[in-house]
Amino acid sequence: MQLIKAANYEDLSKKAATIIAAQIIEKADSVLGFATGSTPEGTYRELANMCSNKLISFENIRSFNLDEYYGLPSDHPQSYKYYMNQNLFSKVNIKAENANVPNGSAPDPNEECKRYENAIKAAGGLDLQLLGIGRNGHIGFNEPGDRFEQWTHLVELTEDTLDANKRFFDKIEDVPKKAISMGINTIMNAEKVLLIANGKDKTDALEKMLYQPVTPNLPASVLQFHRCATVIYCD
Ligand code: PGA
């Protein structure tokens, strides 16, 4: 695993965007995995700037997001589809039909999980997956537990995650309690993964991920086994 310390959040965002841009330059039809949350916002801003300056093009890029709340319509301001439209998709030349996010209002979530996993496989798998990390060590919505969930699946969110996400909703009761998430194998099958972590509240999870034994109690620790993982962090 390659570990890069950034000077600050701006530097982290520029470095992460540069790695993604290099992937796009090397392979114009890359399949990219995107993440949501506050951490990647700066990375998306940098990518949008590079795209407006014609350094990179998303014309032939296909993307798959890590996760989506289950039970929120895709146009809900807290849905991850909405976040992606606001932060990236509307600012770059990606084709709408190539920008995939799990459908959080599919009538049968388990069927949606299968459909999504098959769509990733049909696209040839992920070339590069961007990840954040939760304070509890989750990646995507793979929460701490006693086993690694392998493929895209329906998740019951933990209290810690509900607590971390409540800042985006008026009341904690409004925070969705379920989500659809790529599984650990879905992520581990990506050719490259790029994890970004910003701030001191991630230090504990990051240290456990890097230096403690691999365990489903800290899902990000599985990245110790990834063949091409890069971590960029700042305090
Ligand atoms: P954050 O979330 O970027 O908002 O800290 C990261 C995560 O929970 O994966």
Side-chain angles (χ1 to χ4, degrees), residues 4 6 8-17 19-20 32-47 63-70 72 77-84 86-88 101-102 104 126 128-145 148-149 152-153 155-169 172 175-184 186-188 190 193-210 216-223 226 229-235:
I4 299 169
N8 50 41
Y9 178 66
E10 198 194 332
D11 185 40
L12 175 148
S13 302
K14 283 190 170 30
K15 285 179 161 59
I19 289 174
I20 298 170
L32 300 179
F34 287 134
T36 51
S38 48
T39 316
E41 284 173 10
T43 305
Y44 295 145
R45 215 167 20 245
E46 294 294 330
L47 286 171
S63 74
F64 289 88
N65 263 75
L66 268 176
D67 48 15
E68 175 62 288
Y69 286 123
Y70 186 68
L72 279 190
Q78 293 307 333
S79 78
Y80 290 168
K81 178 78 181 192
Y82 187 93
Y83 168 105
M84 288 307 296
Q86 292 291 110
N87 285 284
L88 187 70
V101 179
L126 300 160
L128 186 155
Q129 175 66 53
L130 179 65
L131 297 171
I133 182 169
R135 296 179 307 199
N136 63 4
H138 73 200
I139 43 175
F141 273 134
N142 292 280
E143 300 285 16
F148 289 118
E149 289 288 344
T152 302
H153 59 291
V155 187
E156 299 276 346
L157 301 177
T158 62
E159 287 301 322
D160 192 63
T161 299
L162 295 178
D163 184 57
N165 290 351
K166 70 170 192 265
R167 66 191 195 272
F168 301 115
F169 292 84
I172 186 139
V175 186
K177 305 208 169 25
K178 292 185 182 179
I180 291 175
S181 178
M182 285 185 193
I184 293 296
T186 326
I187 295 168
M188 290 297 280
V193 299
L194 171 60
L195 184 144
I196 50 178
N198 173 36
K200 289 204 187 311
D201 64 335
K202 299 294 171 67
T203 309
D204 186 50
L206 210 53
E207 294 223 333
K208 287 186 178 139
M209 166 187 126
L210 292 166
N217 275 316
L218 196 103
S221 63
V222 76
L223 297 176
H226 196 280
T230 301
V231 175
I232 310 179
Y233 71 101
C234 65
D235 295 333

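In this text, all values refer to a predicted model and were calculated from it rather than measured experimentally. The figures here come from the full heavy-atom set of this structure, side chains too, leaving out hydrogens, waters and symmetry mates. Both counts, for ligands and for their atoms, begin at 1 and track the order of listing. Positions are given from 1, in the same order as the sequence printed here.
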* **side chain to side chain donor-acceptor pair (under 3.5 Å) partners for D11, two or more places apart** => K15

Proximal atoms of ligand 1 relative to [X] (non-hydrogen, under 4.0 Å):
X    : value
T39  : 1 (P), 3 (O), 5 (O)
K202 : 1 (P), 5 (O), 6 (C)
G132 : 9 (O)
G134 : 7 (C), 8 (O), 9 (O)
G37  : 3 (O), 4 (O)

* Does H138 reach ligand 1 with a nitrogen or oxygen that is under 3.5 Å from one of the ligand's nitrogen or oxygen atoms? -> yes

* Is L195 close to I232 at the side-chain level, that is, under 4.5 Å between some pair of heavy atoms? ->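 Of all side-chain heavy-atom pairs linking L195 with I232, none is under 4.5 Å.
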
* Asked: For ligand 1, is any non-hydrogen atom under 4.0 Å from R167's backbone (N, CA, C, O), its side chain (CB onward), both, or neither?
  ->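 The side chain, only.
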
* **Residue selection (non-hydrogen contact nearest atom 6 (C) of ligand 1) among N136, I133, N198, L131** =>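 The nearest heavy atom belongs to I133.
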
* To do: For atom CD of E10, decide whether the heavy atoms of other residues, nucleotides or ligands shown that lie under 6.0 angstrom number more than 12.
  => no

* Could you name each residue pair satisfying side chain to side chain donor-acceptor pair (under 3.5 Å) that touches residues 195-207, not counting sequence neighbours? =>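 Listed by first then second residue: D204-K208.
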
* **Gap between atom CG of L12 and atom CD1 of I4 - 0.5 Å precision** =>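 Result: 9.5 Å between the selected atoms.
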
* To do: Only one of S13, C234, P40 passes side-chain contact (heavy atoms from CB on, under 4.5 Å) with I196; say which it is.
  => P40

